[in-house]
K.L.:
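Okay, here's the structure, questions in a sec.
Computed from a predicted structure; not experimentally measured.
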Amino acid sequence: MPFLQRPIFSLFRLWSIVTLPLYLASFHSVQSQTPVIIHGTPDWSEGKDIDRNVLFYEDKARNELTMNQVQRAKALRPYAEKRNERTTNSEVTVIRTWLKFNIQNTHPTDTAKMVFFMGAHAKGFLYQEEKLVYEGGLRFTPQGYVPHVNFLDFSIPPHSTHSYWLQVIDYEVSPMPILAQLHTRHTATRMFAVTEGYYKFLLLLMGILVGCLLFMTLYSLYHFWLTRDPIFGYYTLYAASAMVVAWLGAEGRFQLFYLTSLLKFDSTAEKGFDVISFNFLVPVFYILFVSKIAEIPKNFPNIWLVLKVFVGILICQQLLSMYQSYTREYFYSNTYYLNKNTVALASTCLLLYATIRSRSVIKVYLIAGILCFIVLVFAPLYLNFFTPNLSRRPDIEAVVNLTMFWVFLGLALEALFFAFALAYRNRLVEVEKNQMQVRYAEQLERQLEFRTKEVQAQSKILEEQHIRQLESNFEQKIAETEMTALRAQMNPHFIFNCLNSIKLYTLENDALTASEYLTKFSRLIRLVLENSRSEKVTLENELNTLELYIEMEAMRFKNKVKYHITVDEMIDPQYIEIPPLLLQPYVLARINAQRRRRNSNNSRRDARCCVCRYRNGICRRVALYFVSTAGYYHRRWRRACRFGRTEK
């Protein structure tokens, strides 16, 4: 063990001997900072870089250090050791960097009017010794003689040397490096004019992008107002949010202060909005639009479930961003802000996967728009590339090195491809509508033809039914006529018998009986004729007719027919109606049955065989057979005569 410790101790002593002079040299250089010497207000043609005369200290504490605490820390380092903010991200959210430089004015009477250019940063506070002399930055409005918020104006009294402290504050991610340039008011104005001249092309391009987004927003809004199509509603929200983000970004870059002054942002207040970002609303409406137009909820329910979770996370991120912009309270670690676009990128990749797998005919436009969103929006945010002195064209370099421009270009191109998708979708809808109209017209023609045939068939059926109805009515009328004729006539055999009876009474000189019989016969004929004119008659009238008929039959058979008519007490003959001559056939059948039974008894009693003179002999049986056969045919003939037809 001792033999291992001795070489290690020797190496440590050798390292200390080598590094100690370097450390002492650096410490001496820090403590003995070289001042910038000027003789009054210098007559410079351009600004001077004073980075060799500047020391810096990066404040990474949770609580902001005061200038006295930074001075006591004695941790200032040369400006050359400062990290490149363009390519190296900070570990903390609120990035506070202190710069210290000394300026000596050797002129005995002239007060030097100088301007310090720090670059594009959120806030900058310039202290002379320990007194705040100027404040500027992107979250302030220009003051005094300076042409831009990134120029800090200060004065140096004659024949004096002053120490200046500059506190530069950036939030979340700072993509721009901190500069240390000293200018006069003339060179500052000239530099601003020349720089803004370089940015004319960039301003033109960003104005075109914002105008395109505004035009697509208004067009889709008008289309949504006309059609109430939810797809155009989502596209309107997406294009409007992208347009607002581009507008605010352009205002922040060129310090136009149109929308900012309208919303009255105040950066000096303890709480209140000094800037609002709607970056998280763009992917929210973007997800809703692509999901709706590609029918992802219907075709890919699992992917849609994940996308809904992403939408919820993005909305929470937007609310958190607005809360932090209002309260000015940020997370200490910069990890969240460096990866805050991860959810939007993951949702975009998931949308690209679902769109590629979908069977939508407009997915080519959707895929092109999503790829533009990924390549031109997310790639510059994560790569943060920087190409200085590009082809020695400052205007082109200003465009290429501005991350915001590529983001806006990606939003505009994506919105343009989505507009193409909507236009092609409208074309497909129109073609489908025309095809539906053609199919509907053909269907209407087929239905019309079918209905015509059906109406013709129904007309034919109705015509046949009408003919059958007419025939049925005609047959019913014939039957009624026949019934009326039957009612109008009585049994001819009965009439002949009545007339023969009257003749018999006349020949027998029985005038009284003949007169009585003739009177009843005439009454019966009259009642029958009267009843034949009506469909129904009262039961009392029918019973009177029936009684006359039975009395005449009884007189004809020498009062051998006995009858008795009984009516139930619950029946009122005066009000109950029945068809005429309804009861006569039953009574006639009963009388004929009694007569046949009586004639049969008489024939059995009186029929004797002419050969053997015996009643029960063979001849008698033959005679009875012929008598019964003759009676059967006689009854059939009587029945046929009663119903008005002759049996064949």
K.L.:
Using modelled atom types only, decide if a donor and an acceptor are shared between the side chain of Asp59 and the backbone of Arg96 within a distance under 3.5 Å.
P.N.:
no
K.L.:
Tell me if a side-chain donor or acceptor on Asp170 pairs with a main-chain N or O of Ala122 at a distance below 3.5 Å.
P.N.:
yes
K.L.:
Is Arg83 paired with Glu58 through a side-chain N to carboxylate O contact shorter than 4.0 Å?
P.N.:
yes
K.L.:
Kindly give the heavy-atom pair with the smallest separation between Leu213 and Ala415, and that separation in Å.
P.N.:
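Heavy atoms only, the tightest pair is CD2-CB, 3.9 Å.
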K.L.:
Using the ring of each side chain (for Trp, its six-membered ring), is Phe192 parallel, tilted or perpendicular to Phe151, with breaks at 30° and 60°?
P.N.:
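It falls in the perpendicular class, over 60°.
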K.L.:
Side chains of Ser358 and Ser360 only: does a donor on one sit below 3.5 Å from an acceptor on the other?
P.N.:
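No pair is found: no donor N or O on one side chain lies under 3.5 Å from an acceptor on the other.
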K.L.:
Got a salt bridge between Asp229 and Arg425, using NZ or NE/NH1/NH2 to carboxylate O under 4.0 Å?
P.N.:
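Between Arg425 and Asp229 there is a salt bridge, with a charged N closer than 4.0 Å to a carboxylate O.
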K.L.:
Is Leu166 close to Tyr127 at the side-chain level, that is, under 4.5 Å between some pair of heavy atoms?
P.N.:
no
K.L.:
Per the side chain to side chain donor-acceptor pair (under 3.5 Å) rule, what does the pair list look like for residues 338-350, sequence neighbours excluded?
P.N.:
Glu172-Lys340, Thr342-Tyr382
K.L.:
What I want to check is whether the side chains of Tyr337 and Gln324 have a donor and an acceptor closer together than 3.5 Å.
P.N.:
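There is such a pair between these side chains.
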K.L.:
Can you confirm whether Leu182 sits close enough to Val36 that some side-chain heavy atom of one is under 4.5 Å from a side-chain heavy atom of the other?
P.N.:
yes
K.L.:
Would a 4.5 Å heavy-atom cut-off, applied to side chains only, mark Tyr238 and Leu411 as touching?
P.N.:
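Yes, close enough: below the 4.5 Å cut-off.
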K.L.:
Are more than 12 heavy atoms, taken from residues, nucleotides or ligands other than Tyr353, located less than 6.0 Å from that residue's OH atom?
P.N.:
no
K.L.:
To the nearest 0.5 Å, what is the distance between CH2 (Trp406) and SG (Cys372)?
P.N.:
11.5 Å
K.L.:
Flag the pair Asp153 and Arg185 as a salt bridge only when some basic side-chain nitrogen lies within less than 4.0 angstrom of an acidic carboxylate oxygen.
P.N.:
yes
K.L.:
Given Arg52 and Tyr79, is the side chain to side chain contact (heavy atoms under 4.5 Å, CB included) satisfied, shown in steps?
P.N.:
CA-CA 7 Å; Arg52 294 182 180 181; Tyr79 182 85; over 6 Å; no
K.L.:
Take a 6.0 Å sphere around CZ of Arg228 and say whether it holds more than 12 heavy atoms from other residues, nucleotides or ligands.
P.N.:
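Above 12, so yes.
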K.L.:
How close do Ser220 and Thr236 get, counting heavy atoms only, and between which atoms?
P.N.:
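Nearest pair, atom of Ser220 first, then Thr236: OG-OG1, 2.9 Å.
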K.L.:
Tell me whether Thr93 contacts the main-chain N or O of Phe331 through its side chain, where contact means a donor paired with an acceptor under 3.5 Å.
P.N.:
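Yes, the answer is positive, given that a donor and an acceptor are paired below the 3.5 Å cut-off.
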K.L.:
Specify the closest pair of heavy atoms between Thr187 and Gly47, including all atoms of both residues, with the distance to one decimal.
P.N.:
CB-N, 4.1 Å
K.L.:
Using a 6.0 Å cut-off, check whether atom CG of Asn68 has over 12 heavy atoms from anything other than its own residue.
P.N.:
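Above 12, so yes.
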K.L.:
Do the side chains of Tyr235 and Phe418 get nearer than 4.5 Å, heavy atoms only?
P.N.:
yes
K.L.:
Take Val438 and Asn434 through the test side chain to side chain contact (heavy atoms under 4.5 Å, CB included) and record every step on the way to the result.
P.N.:
CA-CA 6 Å; Val438 172; Asn434 294 334; 5.5 Å; no
K.L.:
More than 12 non-hydrogen atoms from neighbouring residues, nucleotides or ligands closer than 6.0 Å to CZ on Arg190, yes or no?
P.N.:
no
K.L.:
Please step through side chain to side chain contact (heavy atoms under 4.5 Å, CB included) for the pair Ser241 and Phe278, ending with a clear verdict.
P.N.:
CA-CA 7 Å; Ser241 60; Phe278 299 97; 5.6 Å; no
K.L.:
Enter the distance from Met118:CE to Leu152:CG here, rounded to the nearest 0.5 Å.
P.N.:
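Here the interatomic distance stands at 5.0 Å.
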K.L.:
CD1 of Ile178 to CZ of Phe117: how many Å apart, nearest 0.5 Å?
P.N.:
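Separation between the atoms: 12.0 Å.
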K.L.:
Go through the steps to decide whether Phe116 and Phe154 satisfy the test ring pair (Phe, Tyr, Trp, His ring centres under 6.0 Å), and finish with yes or no.
P.N.:
CA-CA 8 Å; Phe116 187 87; Phe154 64 100; 7.3 Å; no
K.L.:
Are side-chain heavy atoms of Trp304 and Lys298 found at a separation under 4.5 Å?
P.N.:
no
K.L.:
Can you check side chain to side chain contact (heavy atoms under 4.5 Å, CB included) on Trp44 and Ile38, steps first, answer last?
P.N.:
CA-CA 11 Å; Trp44 294 343; Ile38 58 175; 4.2 Å; yes
K.L.:
Does any non-hydrogen side-chain atom of Glu432 lie less than 4.5 Å from one of Leu428?
P.N.:
no
K.L.:
Could you tell me which non-hydrogen atom of Pro42 sits nearest to which non-hydrogen atom of Thr184, and how far apart they are?
P.N.:
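Nearest pair, atom of Pro42 first, then Thr184: O-CG2, 3.4 Å.
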K.L.:
When you measure from the side chain of Lys363 to the backbone of Ile356, do you find a donor-acceptor pair of N or O atoms at a distance under 3.5 Å?
P.N.:
yes
K.L.:
Rounded to the nearest 0.5 Å, how far does CE of Met243 lie from CZ of Phe408?
P.N.:
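Result: 12.0 Å between the selected atoms.
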K.L.:
Given side chains that start at C-beta, do those of Met436 and Lys433 come closer than 4.5 Å, heavy atoms only?
P.N.:
no
K.L.:
Checking the side chain of Thr355 only, and the main-chain atoms of Ile367 only, is there a donor and an acceptor separated by less than 3.5 Å?
P.N.:
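Looks like no, no N/O pair under 3.5 Å.
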K.L.:
Output all residues satisfying side chain to side chain contact (heavy atoms under 4.5 Å, CB included) with Asp49, sequence neighbours left out; order by chain, then residue number.
P.N.:
Asp51, Gln181
K.L.:
Under the 3.5 angstrom rule, does the side chain of Gln69 hit a backbone N or O of Thr66 as a donor-acceptor pair?
P.N.:
yes
K.L.:
Ignoring hydrogens and angles, state whether a donor on the side chain of Ser163 or Asn102 is under 3.5 Å from an acceptor on the partner side chain.
P.N.:
yes
K.L.:
Restricting to non-hydrogen atoms, name the atom on Leu351 and the atom on Ser291 that form the minimum distance, rounded to 0.1 Å.
P.N.:
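In this case the closest contact between Leu351 and Ser291 is CD2-OG, 3.7 Å.
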K.L.:
Tell me whether Glu64 at atom CD has more than 12 heavy atoms from other residues, nucleotides or ligands lying less than 6.0 Å away.
P.N.:
yes
K.L.:
Just to verify, what does Tyr219 make a side chain to side chain contact (heavy atoms under 4.5 Å, CB included) with, not counting sequence neighbours?
P.N.:
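Here the qualifying residues are His223.
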K.L.:
May I ask you to test the Tyr424-Val364 pair for a side-chain heavy-atom distance under 4.5 Å?
P.N.:
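No, their side chains stay 4.5 Å or more apart.
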K.L.:
Give the minimum heavy-atom separation between Gln317 and Val343, together with the two atoms involved.
P.N.:
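For Gln317 and Val343, the tightest heavy-atom pair comes out as OE1-CB, 4.2 Å.
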K.L.:
Just how far is it from atom NE2 of His162 to atom CD1 of Ile103, taken to the nearest 0.5 Å?
P.N.:
10.0 Å
K.L.:
Please check if any side-chain donor atom of Tyr164 sits under 3.5 Å from a side-chain acceptor atom of Glu129, or the reverse.
P.N.:
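No.
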K.L.:
Name the orientation class of the two ring planes belonging to Trp165 and Trp98 (parallel below 30°, tilted from 30 to 60°, perpendicular beyond 60°).
P.N.:
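Correct class here is perpendicular.
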K.L.:
How long is the straight-line distance from CD1 of Ile231 back to CZ of Phe289, given to the nearest 0.5 Å?
P.N.:
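Going from the CZ atom of Phe289 to the CD1 atom of Ile231 covers 7.0 Å.
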K.L.:
Heavy-atom count around Tyr332 OH within 6.0 Å, excluding the residue itself: above 12?
P.N.:
yes
